[in-house]
2 protein chains.
Amino acid sequence: MSATIEIPERSGTAFRIAEGQTLTVIDPRGCQVADLLAFNAADVDEVISSGRTLDYAETIYLTTGHTLYSNRSNPLLEIISDTVGRHDFLLTPCSHDTFRHFYPDLPTHRGCFGNLAEALAPYGVTEDRIPVAFNCFMNVPVDGTTGKLEVLPPISQAGDHIVFRAAMDLVIGLTACSAPASNGGSFKPIHYRVD
Amino acid sequence: MSATIEIPERSGTAFRIAEGQTLTVIDPRGCQVADLLAFNAADVDEVISSGRTLDYAETIYLTTGHTLYSNRSNPLLEIISDTVGRHDFLLTPCSHDTFRHFYPDLPTHRGCFGNLAEALAPYGVTEDRIPVAFNCFMNVPVDGTTGKLEVLPPISQAGDHIVFRAAMDLVIGLTACSAPASNGGSFKPIHYRVD
């Protein structure tokens with residue numbers, strides 16, 4: 001088993017994983033969110049797509065057994081284990097703009113969007129190419145009657161994790177979320193491991 | 001009032017509209033879907049974003065009074081009238097791949113994805129830049145408990161429409177949908193008007 005790597009609070013990182021490798025995203029203290037992006041390592045114009053994935057999965061709540069698809073309808077990541085069962089795939093990463101909108105009394109933060117943009121720049125991914133992320137542990141219930149959605153604290157406990165297997169060589173972007181509402185008002189690290 | 005233009009069944013178009021103009025999308029026969037995309041006419045890297053829009057609207061069901069945002073958090077279109085009240089903003093346009101997935105016994109069709117790609121190519125929009133569309137009249141209820149989504153026939157009746165006001169100069173992509181499940185198994189035209 002490889003070493004566990006820490007993503008410090010309110011930051012992000014990017015790295016390559018090879019087809020067949022597994023990525024384990026761990027919530028080490030509980031109640032924290034990790035925004036995940038995935039790009040075809042050979043062509044970053046092929047990118048994770050919420051719209052394709054939700055269409056094929058026929059559910060907004062993805063868990064073990066579901067596949068995350070690209071904009072070209074190719075499998076990028078399969079979820080092979082999940083101790084939480086509640087993640088979000090509707091919302092884009094938080095940013096200076098979302099901070100201004102939701103937290104007008106707080107200092108803004110570049111958020112997961114800015115952290116992902118900086119981490120992914122060396123791989124040729126620009127800000128405008130950052131789509132809806134797969135937001136590990138983010139708890140966004142939807143009222144099926146009214147359509148109303150809420151961003152609630154995650155239900156993840158310390159040590160909970162989700163494991164993905166790469167279906168192709170990928171560039172991954174991953175954060176420890178910076179938005180108060182996503183993680184119950186506290187900022188905590190995220191751990192991950194590639195095996 | 002300008003002339004009403006018809007988009008023939010299983011086809012798509014693209015056109016410019018200026019800031020302040022209104023776009024009326026009409027379901028002339030009822031129970032048909034029109035996939036809508038919008039791009040900043042001055043820079044097509046700025047594009048309609050389901051993730052930003054759902055985040056700001058705090059609902060998956062958009063209607064009169066809601067704004068469709070770009071990936072840069074700028075307003076693109078405001079919904080100023082809506083006689084239906086049920087549209088989808090979760091799913092990507094149908095394509096050869098989605099036909100293979102959902103209709104293995106039918107001949108595939110390039111679908112709204114292929115129709116949008118061809119119509120938008122003269123504006124510098126390539127296939128990989130086609131995101132989740134705002135799917136006018138598409139009826140995709142979500143079960144809030146299980147997360148399961150279904151693609152049901154639209155509830156729109158003949159003559160129902162939705163009206164958008166452009167918040168900036170835009171390139172619009174618009175289709176008459178090609179997927180059997182989206183429109184109750186029939187293929188029909190869509191009408192639109194720019195005023």
Looking at [options], which has the largest count of heavy-atom pairs under 4.5 Å with chain A?
options	result
Arg100(B), Glu58(B), Glu46(B)	Glu58(B)
Asp45(B), Val132(B), Val142(B)	Asp45(B)
Pro141(B), Pro93(B), Pro131(B)	Pro93(B)
Val151(B), Leu149(B), Leu91(B)	Leu149(B)

Going hydrophobic residue to hydrophobic residue with side-chain gaps under 4.5 angstrom, can you get from [X] over to [Y]?
X	Y	answer
Val33(A)	Phe102(A)	no
Val194(B)	Leu37(B)	yes
Tyr192(A)	Met138(A)	yes
Leu54(B)	Tyr61(B)	yes
Leu77(B)	Ile80(B)	no

### Task
With a 4.5 Å heavy-atom cut-off (strictly below), which parts of residues 103-129 of chain B touch chain A? List them by number.
Phe113(B), Asp128(B), Arg129(B)
### Task
Taking heavy atoms only and a threshold strictly under 4.5 Å, list by residue number the residues of residues 16-27 of chain B that touch chain A; give 'none' if the list is empty.
none
### Message
Please identify, among Val47(A), Ile130(A), Asp97(A), the residue contributing the most non-hydrogen atom pairs under 4.5 Å to chain B.
### Response
Asp97(A)
#### Entry: Winner by heavy-atom pair count (cut-off under 4.5 Å) against chain B, out of Asp55(A), Val140(A), Asp143(A)
Asp55(A)
### Task
List the steps and the verdict of side chain to side chain contact (heavy atoms under 4.5 Å, CB included) for Leu90(B) and Leu90(A).
CA-CA 7 Å; Leu90(B) 300 179; Leu90(A) 300 180; 3.5 Å; yes
### Query
Is chain A contacted by the side chain of Thr53(B), its backbone, both, or neither, given a heavy-atom distance below 4.5 Å?
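Thr53(B) has no heavy atom closer than 4.5 Å to chain A.
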### Query
Do you know the tightest heavy-atom contact between Ser49(A) and Thr92(B)?
OG-CG2, 4.0 Å
### Task
Please list all pairs passing the salt bridge (charged side-chain N to carboxylate O under 4.0 Å, His left out) test where one or both residues lie in residues 145-156 of chain B, with sequence neighbours left out.
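Listed once each, the pairs would be none.
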### Message
What residues of residues 152-180 of chain A make heavy-atom contacts with chain B at a cutoff under 4.5 angstrom?
### Response
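Residues of residues 152-180 of chain A touching chain B at under 4.5 Å: none.
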#### Entry: Side chain / backbone / both / neither for Thr98(A) at chain B, heavy atoms under 4.5 Å
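Contact with chain B involves both backbone and side-chain atoms of Thr98(A).
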### Message
Using side-chain heavy atoms (C-beta onward) and a distance below 4.5 Å, is Ser73(A) in contact with His96(B)?
### Response
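Counting from C-beta outward, Ser73(A) and His96(B) never come under 4.5 Å.
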